[in-house]
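Below is one structure; the comments refer to it alone.
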Amino acid sequence: MRFVSTRDPGESATLAAALQRGLAPDGGLYVPERFPRLVGADFGTAVTLPALAPTFLAPFFATDVLAAELPAIVAEAFDFPVPIVPLAGGDDVSVLELFHGPTAAFKDFGARFLAACVTRLQRDRQRPLTILVATSGDTGGAVAAAFHGRPGIEVVVLFPRGLVSPRQELQLTCWGGNVRSLSVAGTFDDCQRLVKAAFADRALAARRDLSSANSINVGRLLPQACYYVYASLAGWRRTGRPVSFIVPSGNLGNVLAAVWARHIGLPIGELVLTFNANRTVPDYLASGEWRPRPSVATIASAMDVGNPSNMERLRHLHPDWHDLKAAVTAVGVDDDAIRDRIRIDRVRFGQTWCPHTATAAEAYARFEPARRAAGPWVLAATAHPAKFPEIVEPLIGQPVPVPPALARLLERPRQVTEIPASLGALVAALP
Ligand SMILES: *Cc1c(COP(=O)(O)O)cnc(C)c1O
């Protein structure tokens, strides 16, 4: 399968090239040239995510140099559990726990899959590859963990100083070796702008091979679609009904994977996107006017995005605003409502939400009873609450136990370089 730019269908690339480039040369984002058609029956009796993923991914990998490696890539990347945990209370609602990977957030799926692909593509190349990644908190840690120690690959992580949680910062700065962490005096949008500027800099591109591991990379979206395949088939086989998802959203990479899975034919019903106080998308769906704006800081910081990159892919699939409004709905949840929801659901369901996941739980709680009953509903739990103890623990009145893999990372020494938000400073800080 070939992938084309959202800005020009004539600008096409193989999967391998799209993975390595991240962004298309014309500044657009890669999307599949055409979507395959897959329905429930195509997956036979496979049940687990690693068993289902090769069937879903095969059409995208067909004819690519990586095609023969797909089974090994899937086995290597998806080597942690993905529980679907029912919530008590009568309605059919469960939690898709996407936080059991090495850095305890859903970003591990995309990062580990991309690393497995890129490492194989890099094997025969002479020049090292430099991966630039801007992070609002979780991406950078996941990418650093996935690429740490891989030969021929350097990783440079940019994060907004003071705007990620202390534990996220530890995960961003605990690596060393082939991973360089840059603490940028600016916001996530500044970090993203710097990465885009680096790609546009011809002199830099002549000196080194650059790639991006942000959620703009199609190599992160495809693996994310696999857990929607897994969870939708599980609910559909159990009930005979399509499964609706509520997805905490920022740059829209997570939910775009669900939109694609549904478009391809998986039994997915409603897709509800939840946001924090960064309301660019809810306002757009309400008004029809696309007004990106600077991000504002919230306690769900990995969703602090004012100009979500993947909107370009969403609008590529649904260019008409009315059509887009029919495809997805959006709910904005402010910090006070996030805090209340963490407190309430701890008591009501015995569940501890991270601040991001709490936006999904809050949207669900706001539904009319009839809509809640029209499940199955699945809340995407995007991070483990132990990543945000300073927010969560005062609300639930007790410590959140730290998963062992996360505890090991938090003990490593810190290595970080502080830079101003300028391209010159970024270039000077490259290895
Ligand atoms: C990245 C992230 C999000 C937002 O996901 P997008 O793909 O950017 O929409 C939500 N929650 C957590 C915990 C995240 O790390």
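Remember, it's 1-based here, ligands and their atoms both numbered in the order they're listed. On a predicted model such as this, the values are computed, not experimentally measured, just so you know.
If you look at Leu252 next to ligand 1, the close heavy atoms, those under 4.0 Å, all belong to the backbone.
At a 3.5 angstrom cut-off on N or O pairs, Asn254 counts as close to ligand 1. At least one N or O atom of Gly250 sits closer than 3.5 Å to an N or O atom of ligand 1.
Minimum interatomic distance between Gly40 and Leu233 (heavy atoms only, all atoms of both residues): CA-CD2, 3.7 Å.
Residue contact check for ligand 1: Phe106 places a non-hydrogen atom closer than 4.0 Å to it.
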Side-chain donor-acceptor distances from residues 324-335 under 3.5 Å, at least two apart:
| unit_1 | atom_1 | unit_2 | atom_2 | d |
| --- | --- | --- | --- | --- |
| Lys325 | NZ | Leu285 | O | 3.2 |
| Asp334 | OD1 | Asp336 | N | 3.3 |
| Asp334 | OD1 | Ala337 | N | 3.0 |
| Asp335 | OD1 | Ile299 | N | 3.2 |
| Asp335 | OD2 | Ile299 | N | 3.3 |

Quiz: residues 24-33 side-chain donor-acceptor pairs under 3.5 angstrom, not counting sequence neighbours:
| unit_1 | atom_1 | unit_2 | atom_2 | d |
| --- | --- | --- | --- | --- |
| Asp26 | OD1 | Ser5 | OG | 2.8 |
| Asp26 | OD1 | Gly28 | N | 2.9 |
| Asp26 | OD2 | Ser5 | OG | 2.9 |
| Tyr30 | OH | Arg21 | NH1 | 2.7 |

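Between the Trp321 side chain and the Tyr284 main chain, a donor and an acceptor come within less than 3.5 Å of each other. Under the 3.5 Å distance criterion, the side-chain polar atoms of Asp304 are left unmatched by any main-chain donor or acceptor of Ser295.
Atom numbering of ligand 1 starts at 1 in the shown order; those under 4.0 Å from a heavy atom of Lys107 are 1 (C), 2 (C), 3 (C), 14 (C), 15 (O). Counting the atoms of ligand 1 from 1 in the order shown, those under 4.0 Å from a heavy atom of Asn251 are 6 (P), 8 (O), 9 (O). The contact set between ligand 1 and Gly253, taken as ligand atoms under 4.0 Å from a residue heavy atom, comprises 6 (P), 7 (O), 9 (O).
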